[in-house]
Undergrad: 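Quick one: the structure is below, questions incoming.
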Amino acid sequence: MREVSLLPQSFYRRDAREVARELLGKRLRHGPVVLEITEVEAYVWPDDSACHNRFGKTERTAVMFGPPGRAYVYLCYGLHQMLNVVTNEVDEGAAVLIRSCAPVDGLDEIEARRGGKRGPVLLTGPGKVGQALGVDTSFSGHPLYRRGGLEVHDGPAPAAILAGKRVGIDYARPEHRDAPWRYAIADSPWVSQRAGLG
DNA sequence: ACAAGGATCCTCT
DNA sequence: GAGGATCCTTGTT
């Protein structure tokens, strides 16, 4: 790929919604696989009844309350590895969920990990991103701003961004369930559940 | 120690 | 559009 251009830890030390919007177009890299981030969701501090921080700091969510710029990976429905990026200051539990990506490099590896599938179905959904990238809960706490292993690099800013409601959080209070904290690159085919984005 | 439910994906209809 | 897979985290007893 191009020049090494890791995002600094300071990039992540602010509100999750701001980090989420700016992560669009950036690159996730893990070994031969390089992905462009195309869709994200912000889970914010301090008041968000959809966020895992709603029970306070627990064993699982402790990394969310730690330093920004680290991975927060958790298991969903017993089988999906969900990759998040920790934001905000220490002791503030917030993160950005990576929902969809587009392939940049390592397509053979991506397709192999995704069962030989082709096209947008490869990477449009958070469980798919985790599988294609080859991450699991053992990556939780891994610093993304240092070289080695899973990394986040700079990338071209998108021309236009769409926002909409977050997906799969019907249990949250209305003001959080309906908040437009999901962001995607406009006109990208690599976006899940396009309905609801505007 | 237990029961409940989940920031999803795939297959089939 | 509906349902099952699959197991960990959490709150409660």
Side-chain angles (χ1 to χ4, degrees), chain A residues 12 15-21 23-24 28 35 37-66 68 70-88 92-103 110-141 144 150 162-184 189-197:
Chain A
Y12 307 97
D15 185 88
R17 287 158 292 199
E18 197 175 341
V19 176
R21 284 190 297 264
L23 273 175
L24 295 174
L28 273 166
L35 306 180
I37 300 172
T38 53
E39 180 189 358
V40 294
E41 282 175 356
Y43 289 86
V44 312
W45 178 266
D47 183 30
D48 184 359
S49 60
C51 183
H52 286 177
N53 69 19
R54 66 188 180 279
F55 299 125
K57 185 177 178 179
T58 67
E59 189 173 353
R60 176 179 62 158
T61 64
V63 60
M64 262 208 315
F65 289 82
R70 298 192 176 186
Y72 166 51
V73 184
Y74 73 94
L75 189 62
C76 183
Y77 291 99
L79 60 163
H80 301 298
Q81 309 289 340
M82 307 284 271
L83 173 61
N84 298 251
V85 176
V86 176
T87 67
N88 292 64
E92 298 179 353
V96 174
L97 171 68
I98 310 298
R99 279 198 61 88
S100 297
C101 291
I110 295 168
E111 290 179 350
R113 287 176 176 155
R114 293 280 300 123
K117 297 185 170 63
R118 313 283 295 276
V121 72
L122 275 178
L123 292 167
T124 50
K128 303 173 188 178
V129 171
Q131 186 181 22
L133 213 47
V135 301
D136 57 44
T137 54
S138 71
F139 283 74
S140 210
L144 301 168
L150 186 60
L162 301 177
K165 298 177 185 179
R166 293 173 294 178
V167 176
I169 54 163
D170 289 345
Y171 55 83
R173 299 210 308 273
E175 66 265 37
H176 301 144
R177 173 160 39 80
D178 300 332
W181 295 342
R182 173 181 172 223
Y183 310 99
W190 300 89
V191 170
S192 72
Q193 309 200 27
R194 179 170 306 276
L197 287 172

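In what follows, chains are A, B, ... by sequence order, proteins preceding strands, each numbered from 1.
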Undergrad: Generate the contact string for nucleotides 3-13 of chain B. Rules: B means base contact, S means sugar-phosphate contact only, - means no protein heavy atom under 4.0 Å.
TA: ---BBBSS---
Undergrad: Output all residues satisfying ring-ring contact (aromatic ring centres under 6.0 Å, His included) with A/W45, sequence neighbours left out; order by chain, then residue number.
TA: A/F65
Undergrad: Residues two or more places apart in sequence or in another chain: which of them pass salt bridge (charged side-chain N to carboxylate O under 4.0 Å, His left out) with A/R21?
TA: none
Undergrad: Just to verify, what does A/E92 make a side chain to side chain donor-acceptor pair (under 3.5 Å) with, not counting sequence neighbours?
TA: A/N88
Undergrad: Sequence neighbours left out, what passes side-chain contact (heavy atoms from CB on, under 4.5 Å) with A/H52? Give chain and number order.
TA: A/R54, A/R60, A/T61, A/M64, A/Y72, A/Y74
Undergrad: Please list, chain by chain and in numerical order, all residues satisfying side-chain contact (heavy atoms from CB on, under 4.5 Å) with A/A179, sequence neighbours excluded.
TA: A/W181
Undergrad: Suppose we screen for side chain to side chain donor-acceptor pair (under 3.5 Å). Which residues come up paired with A/Y12, at least two apart in sequence or across chains?
TA: none
Undergrad: Could you go through residues 162-174 of chain A and list every donor-acceptor pair under 3.5 Å that involves a side-chain atom there, pairing it with any protein atom two or more places apart or in another chain?
TA:
residue: A/R166; atom: NH1; partner: A/A42; partner atom: O; Å: 2.9
residue: A/R166; atom: NH1; partner: A/D48; partner atom: OD2; Å: 2.8
residue: A/R166; atom: NH2; partner: A/D48; partner atom: OD1; Å: 3.1
residue: A/R166; atom: NH2; partner: A/H176; partner atom: O; Å: 2.9
residue: A/Y171; atom: OH; partner: A/A50; partner atom: O; Å: 3.1
residue: A/R173; atom: NE; partner: A/E175; partner atom: OE2; Å: 3.0
residue: A/R173; atom: NH2; partner: A/E175; partner atom: OE2; Å: 3.1

Undergrad: Write out all pairs satisfying side-chain hydrogen bond (donor to acceptor under 3.5 Å, both in side chains) with one or both partners inside residues 110-120 of chain A, taking only residues at least two apart or from two chains.
TA: A/E109-A/R113, A/E111-A/R118, A/R114-A/Q131
Undergrad: May I ask you to evaluate whether A/T58 reaches the phosphate of C/dT9, defined as a side-chain N or O under 4.0 Å from OP1 or OP2?
TA: no
Undergrad: Is the closest side-chain heavy-atom distance between A/Y43 and A/V96 below 4.5 Å?
TA: no
Undergrad: Using the side chain to side chain donor-acceptor pair (under 3.5 Å) criterion, which residues pair with A/N84? Sequence neighbours excluded.
TA: none
Undergrad: Let me have DNA chain C in dot-bracket notation, would you? Count Watson-Crick plus G-U wobble pairs, both distances under 3.5 Å, and use [ ] for pairs crossing earlier ones and | for inter-strand partners.
TA: |||||.||||||.
Undergrad: For nucleotides 1-4 of chain C, list the nitrogen or oxygen atoms of the protein found under 3.5 Å from its nitrogen or oxygen atoms, one pair per line.
TA:
none

